[in-house]
Amino acid sequence: MNEISKKDRMKIPRQPMPEQDKLERRTNFSEVNLGFTEELAKMEALRCLQCPKPICIEGCPVEVKISEFIKLVSEGDFLGAAQKIKEDNLLPAICGRVCPQEEQCEVKCVVGKKGEPVAIGRLERFVADFEREHTELRLPELKPKTGKRVAIVGSGPAGLSCAGDLIQMGHEVTVFEALHELGGVLIYGIPEFRLPKEIVKAEINSLRALGVEFVTNAVIGFTDTVDELLANDYDAVFIAVGAGLPYFLNIEGENLNGVYSSNEFLTRVNLMKAYRFPEFDTPVFNCKDKNVAVFGGGNTAMDAVRTSKRLGAKNAYIIYRRSDVEMPARKEEIHHAKEEGIEFILLANPKRFIGDENGWLKGVELVRMELGEPDASGRRKPIPIEGSEYILDIDMAVIAIGNGSNPIIQNTTPDLQFNKWGNISVNEETMETSKKGVFAGGDIVTGGATVILAMGAGRKAAKAINEYLSRS
Amino acid sequence: MYEIIKAEFIAPSVKKFIIKAPKIAQKRKAGQFVIIRINENGERIPLTIADSDKELGTITIIVQGVGKTTNELNQLTTGSYITDVVGPLGKASHIENFGTAVSIGGGVGTAIAFPTAVALKDAGNYTIAIIGGRTKEFVILEDEMKKVCDEVYPTTDDGSYGFKGFVTAKLKELIDSGRKIDFVLAIGPIPMMKAVAETTRPYGIKTVVSLNPIMVDGTGMCGGCRATVDNKTVFVCVDGPEFDAHKVDFATLERRNKTYKEMEETSYHSFQCHIDKAFEEART
Ligand SMILES: Cc1cc2nc3c(=O)[nH]c(=O)nc-3n(C[C@H](O)[C@H](O)[C@H](O)COP(=O)(O)OP(=O)(O)OC[C@H]3O[C@@H](n4cnc5c(N)ncnc54)[C@H](O)[C@@H]3O)c2cc1C
Ligand code: SF4
Ligand code: FES
């Protein structure tokens with residue numbers, strides 16, 4: 001098999017991801033992508049040219065040894081491949097599902113220059129799932145105990161990856177989480193149909209088995225402050241509280257009944273399981289046969305609109321002020337959304353929400369937009385077209401235009417430096433903050449970004465915290 | 001899991017719980033609240049901390065059974081457990097020596113007004129409490145209030161106890177008697193808080209209310225608790241829960257609180273049926 005020529009490798013088409021039927025999946029919350037079979041994975045792995053200087057790795061924020069793990073897959077050594085990935089990425093089952101590979105590793109892949117790139121993300125996912133399904137929990141060896149204690153604030157990908165590294169380095173680690181459930185956005189934001197919660201729980205359980213202590217219902221700033229953690233025998237603190245402050249549009253009618261932030265809508269459905277109401281007590285707007293509009297063009301917007309469809313929405317719209325090429329969501333999510341019958345209203349911006357006599361949302365006034373010169377973000381700036389206003393009938397709206405940083409830590413940690421957007425200022429090499437013994441990473445530093453960047457930041461911080469602790 | 005050290009009804013369908021939560025007991029200040037989730041399938045609901053005991057590590061909450069969750073909570077007895085309790089959340093009441101401070105509680109709102117009345121007294125205010133109920137048995141915490149306030153006036157709508165009439169009538173009477181009142185705190189049903197705001201507005205008396213919107217996280221993450229105050233949107237869980245009564249848009253709050261009315265009824269109904277069935281099974 002390995003003797004296969006480069007030319008023959010190039011002839012193998014990119015293997016399709018088996019998916020749940022597009023009509024059927026609109027009515028359930030089960031995962032859309034079903035994952036490669038062993039045969040598909042091996043076939044896909046053969047497409048990799050095993051470049052002597054693989055450039056795919058340059059696109060990966062944590063530098064997974066892509067060609068090496070793919071080689072192991074092609075040889076059928078799936079567990080070996082899993083080990084190889086885990087040298088650099090602690091959460092491959094999650095990253096294989098949610099990373100924007102098309103703008104990271106896969107965009108670099110040489111095979112993609114002529115045809116379609118190697119499906120690195122799908123292979124990563126396959127390998128991680130194979131390992132989870134076929135092995136008992138295998139715990140890495142821990143370094144001897146150092147007696148140092150680290151408090152981690154927030155249990156999203158940044159916090160979890162930092163905890164995983166620090167515990168292996170021999171430190172005692174406690175993760176404090178404000179919510180009753182661990183996992184951050186992976187649990188409350190990203191829906192089950194894209195990232196089954198069972199996978200996130202498995203990752204957390206393996207950290208628990210390594211000895212990481214988790215404390216839920218602990219809002220740092222209120223329950224304990226950062227200073228209290230440092231005073232109460234923690235030698236260092238890593239702040240990974242994410243970007244938990246929803247932006248609103250600040251237009252008329254935004255407080256009408258039926259208008260949600262994406263955080264609220266997704267939290268109700270995912271974390272609180274409102275899609276199983278009344279078995280679960282938390283309600284959410286009854287979307288059945290209703291018209292739903294989601295404002296925004298990122299992953300969060302796609303998650304919200306596809307969720308509303310699954311809750312029975314008759315018409316579910318994405319309303320985005322630029323065109324589809326500027327949409328920040330992953331290509332796969334946009335594609336899936338379209339397959340599921342989501343309607344895209346592009347180059348349109350909301351001006352005001354309109355309510356009925358009881359204060360329930362009944363419509364939105366939109367204005368058409370056109371693209372002008374590129375702005376600071378390099379994307380062409382949308383400009384309203386005078387006189388093009390029109391009204392769209394909607395019963396529920398979800399605002400998914402991004403998150404700012406939650407001010408709780410800022411308000412309760414006076415000597416910690418923040419930038420003007422409320423993000424914590426850090427040394428980018430070490431993730432050290434202005435406060436001694438305090439490190440920070442993930443969305444609270446970068447603003448809303450990606451799972452892999454948060455994970456990378458967590459690992460960088462773990463390394464720096466380890467060095468800091470060995471000095472102190 | 002958080003243990004219920006003691007649970008007892010103090011008025012019809014109003015139950016007082018003493019819950020073991022040492023961290024929260026240490027930290028909490030008047031005006032702050034907790035969010036609780038009774039069990040794995042439960043919703044997250046905010047409840048004001050009525051009292052705490054640092055030594056015993058307990059907090060007190062007082063719950064009126066109105067919907068499914070509060071009624072389910074009120075079924076819990078001494079020795080049972082609540083899955084999640086998180087806090088203390090929200091800003092503490094702004095306390096200073098105003099002079100003469102009137103704390104008004106309507107129904108279970110008295111429980112929420114109580115800790116702030118204590119803090120007002122501690123800050124040196126001459127404190128008056130007006131505590132209202134529909135009828136006598138709905139007037140709660142009278143003895144507790146009497147211990148901390150200089151004057152306490154119970155009121156009932158039907159005159160079955162204390163002053164006959166709404167809390168606002170009693171307040172107006174106090175104001176009109178020529179007493180100088182410097183500060184009013186009002187906590188209770190929205191119509192009551194609105195009425196208090198309208199009573200004090202013409203006199204320019206500083207008036208504060210504690211808002212009770214629907215919440216999820218209680219940490220400023222979801223924006224579900226937003227209200228309109230001074231024509232601006234606020235997140236009650238982190239910017240409040242207490243606000244200047246003369247600037248609150250009560251109509252919006254009242255309307256938003258009805259968002260899930262139908263669903264709450266469904267949920268409550270199926271809970272009731274479940275209880276009735278269990279009750280019947282127990283009898284046969
Ligand atoms: C709906 C949605 C979909 C997304 N889809 C993708 C995707 O497909 N691919 C991708 O790469 N990225 C995606 N992202 C972005 C990605 O999820 C985030 O960049 C990433 O989760 C950030 O990780 P984090 O660890 O910094 O923070 P978070 O995941 O936000 O975790 C922070 C945690 O800290 C807790 N916390 C907050 N304040 C406190 C406090 N004071 N005390 C204690 N705990 C606290 C929070 O409750 C939370 O659990 C998506 C985001 C959303 C919202
Ligand atoms: S660039 Fe593409 S072909 Fe080359 S090693 Fe990476 S995945 Fe394989
Ligand atoms: S309850 Fe979610 S922001 Fe206030």
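Every heavy atom of this structure was used, including side-chain atoms; hydrogens, water molecules and symmetry mates were not. Here is how names work: the chains are called A, B, and so on, in the same order as the sequence lines, proteins then strands, and each is numbered from 1.
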*Gly221(A), Gly242(A), Gly244(A): which one forms the most heavy-atom pairs within less than 4.5 Å of chain B?*
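Top option by heavy-atom pairs under 4.5 Å: Gly244(A).
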*Taking Asp224(A), Ile399(A), Asn217(A) one by one, which has the highest count of heavy-atom pairs under 4.5 Å against chain B?*
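Most pairs with chain B among the choices: Asn217(A).
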Proximity breakdown for [X] and chain A, heavy-atom pairs closer than 4.5 Å:
{"X": "Arg255(B)", "result": "both"}
{"X": "Thr259(B)", "result": "both"}
{"X": "Arg256(B)", "result": "both"}
{"X": "Ile214(B)", "result": "side chain"}
{"X": "Arg44(B)", "result": "both"}
{"X": "Thr252(B)", "result": "side chain"}
{"X": "Glu40(B)", "result": "backbone"}
{"X": "Ala227(B)", "result": "backbone"}

Let me confirm one number: the [atom1]-[atom2] distance from [X] to [Y], rounded to the nearest 0.5 Å.
{"X": "Asn41(B)", "Y": "Arg276(A)", "atom1": "CG", "atom2": "CZ", "answer": "7.5 Å"}
{"X": "Thr282(A)", "Y": "Tyr260(B)", "atom1": "OG1", "atom2": "OH", "answer": "9.5 Å"}
{"X": "Asn255(A)", "Y": "Asp249(B)", "atom1": "CG", "atom2": "CG", "answer": "8.5 Å"}
{"X": "Leu266(A)", "Y": "Cys222(B)", "atom1": "CG", "atom2": "SG", "answer": "11.5 Å"}

Heavy-atom proximity to chain B below 4.5 Å, by part of [X]:
{"X": "Phe265(A)", "value": "neither"}
{"X": "Thr223(A)", "value": "both"}
{"X": "Val284(A)", "value": "backbone"}
{"X": "Arg268(A)", "value": "side chain"}
{"X": "Asn406(A)", "value": "side chain"}
{"X": "Asn250(A)", "value": "neither"}
{"X": "Asn411(A)", "value": "neither"}

_Parallel, tilted or perpendicular, as decided by the 30° and 60° cut-offs, for the rings of Phe248(A) and Phe235(B)_ = perpendicular
*Are Lys27(B) and Glu228(A) ion-paired here, with the side-chain N under 4.0 Å from a carboxylate O?*
yes
*Nearest heavy-atom pair of Pro246(A) and Gly220(B): which atoms, and what distance?*
CD-O, 3.5 Å
*Could you go through the side chain to side chain contact (heavy atoms under 4.5 Å, CB included) check for His180(A) and Ile35(B) one step at a time?*
CA-CA 10 Å; His180(A) 58 266; Ile35(B) 286 208; over 6 Å; no
*Are the side chain of Arg226(B) and the backbone N or O of Glu254(A) linked by a donor-acceptor pair below 3.5 Å?*
yes
*Just give me the residue among Val238(B), Asn39(B), Ile24(B), Val85(B) that pairs up with chain A most often, heavy atom to heavy atom, under 4.5 Å.*
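Winner by heavy-atom pair count: Val85(B).
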*For the candidates Arg28(B), Glu262(B), Lys258(B), Lys68(B), which exhibits the highest count of non-hydrogen atom pairs separated by less than 4.5 Å from chain A?*
Lys68(B)
Atom [atom1] of residue position [X] - does it have more than 12 heavy atoms of other residues, nucleotides or ligands inside 6.0 Å?
{"X": "Lys197(A)", "atom1": "NZ", "value": "yes"}
{"X": "Asn231(B)", "atom1": "CG", "value": "no"}
{"X": "Glu55(B)", "atom1": "CD", "value": "no"}

_Partner of Met221(B) under side chain to side chain contact (heavy atoms under 4.5 Å, CB included), chosen from Ile408(A), Leu245(A), Asn263(A)_ = Asn263(A)
*Let me know which of Val219(A), Thr267(A), Leu179(A) forms a side chain to side chain contact (heavy atoms under 4.5 Å, CB included) with Asp217(B).*
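Between Asp217(B) and the candidates, side chain to side chain contact (heavy atoms under 4.5 Å, CB included) is satisfied uniquely by Leu179(A).
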*Is the closest side-chain heavy-atom distance between Phe222(A) and Leu89(B) below 4.5 Å?*
yes
*Please walk me through it: do Arg37(B) and Glu181(A) pass salt bridge (Lys or Arg N to Asp or Glu O under 4.0 Å)?*
CA-CA 12 Å; Arg37(B) 195 176 67 123; Glu181(A) 197 80 75; 5.4 Å; no
